[in-house]
Amino acid sequence: VSQSRYIEQKEVWAVEVIECERGWGCRVDEVRYFDTKPDADKFAKEFNSANTDEVAPDWYMQAQTPVKTKIAVEVGG
């Protein structure tokens with residue numbers, strides 16, 4: 001007996017990781033998804049802990065503030 005597969009929306013916390021390079025600008029390098037805000041906050045804080053220079057370097061990456069969003073997930077099967 002096969003089960004039906006379907007898509008449903010799931011609320012998650014998204015953290016965009018931004019890459020910036022002097023002369024080229026910034027872009028979203030990746031997006032990480034977390035089930036809880038504390039997990040998303042922890043990731044962003046740990047990721048950004050290396051950004052300790054007093055001025056922006058020529059190249060760096062930075063995790064943005066977590067935002068609540070929805071993603072599609074496959075269920076069943």
Side-chain angles (χ1 to χ4, degrees):
V1 177
S2 78
Q3 291 183 328
S4 298
R5 295 185 334 192
Y6 60 96
I7 303 295
E8 68 179 25
Q9 290 188 346
K10 176 181 178 181
E11 282 194 346
V12 295
W13 289 89
V15 178
E16 291 183 340
V17 177
I18 306 295
E19 176 187 29
C20 295
E21 187 169 2
R22 191 175 315 281
W24 289 90
C26 298
R27 69 178 182 90
V28 176
D29 185 66
E30 69 176 306
V31 180
R32 298 272 187 105
Y33 298 100
F34 300 88
D35 290 328
T36 67
K37 186 167 188 316
D39 287 344
D41 287 335
K42 179 181 176 188
F43 168 79
K45 183 178 181 179
E46 289 176 0
F47 190 94
N48 291 332
S49 67
N51 296 336
T52 57
D53 293 346
E54 291 185 19
V55 296
D58 288 343
W59 177 89
Y60 66 95
M61 295 184 74
Q62 180 180 30
Q64 301 297 294
T65 302
V67 294
K68 187 179 263 189
T69 189
K70 292 182 180 181
I71 60 171
V73 294
E74 188 174 341
V75 178

Checklist entry - Do any N or O atoms from the side chain of Asn48 and from the backbone of Ala63 form a donor-acceptor pair under 3.5 angstrom? => result yes
Checklist entry - Are side-chain heavy atoms of Trp59 and Met61 found at a separation under 4.5 Å? => result yes
Checklist entry - Roughly how far, to the nearest 0.5 Å, is the CG atom of Asp35 from the CD atom of Glu11? => result 11.5 Å
Next on the checklist: With clusters defined by side-chain heavy atoms of hydrophobic residues (ILVMFWY) lying less than 4.5 Å apart, directly or transitively, does Ile71 cluster with Val31?
Outcome noted: yes
Checklist entry - Are Phe47 and Val28 grouped together when hydrophobic residues (ILVMFWY) are joined by side-chain heavy atoms under 4.5 angstrom apart? => result no
Item to check | Contact check, side chains of Phe34 and Val15, non-hydrogen atoms, under 4.5 Å | outcome: yes
Checklist entry - Got a second to check how far Tyr60's OH is from Arg22's CZ, nearest 0.5 Å? => result 8.5 Å
Checklist entry - Are the side chains of Ile18 and Asp29 in touch, meaning some heavy atoms are under 4.5 Å apart? => result no
Next on the checklist: Within the structure provided, determine whether Gln62 and Gln64 are in side-chain contact (heavy-atom separation under 4.5 Å).
Outcome noted: yes
Item to check | Reported CD-to-CD distance for the pair Glu16 and Glu30, which is rounded to 0.5 angstrom | outcome: 11.0 Å
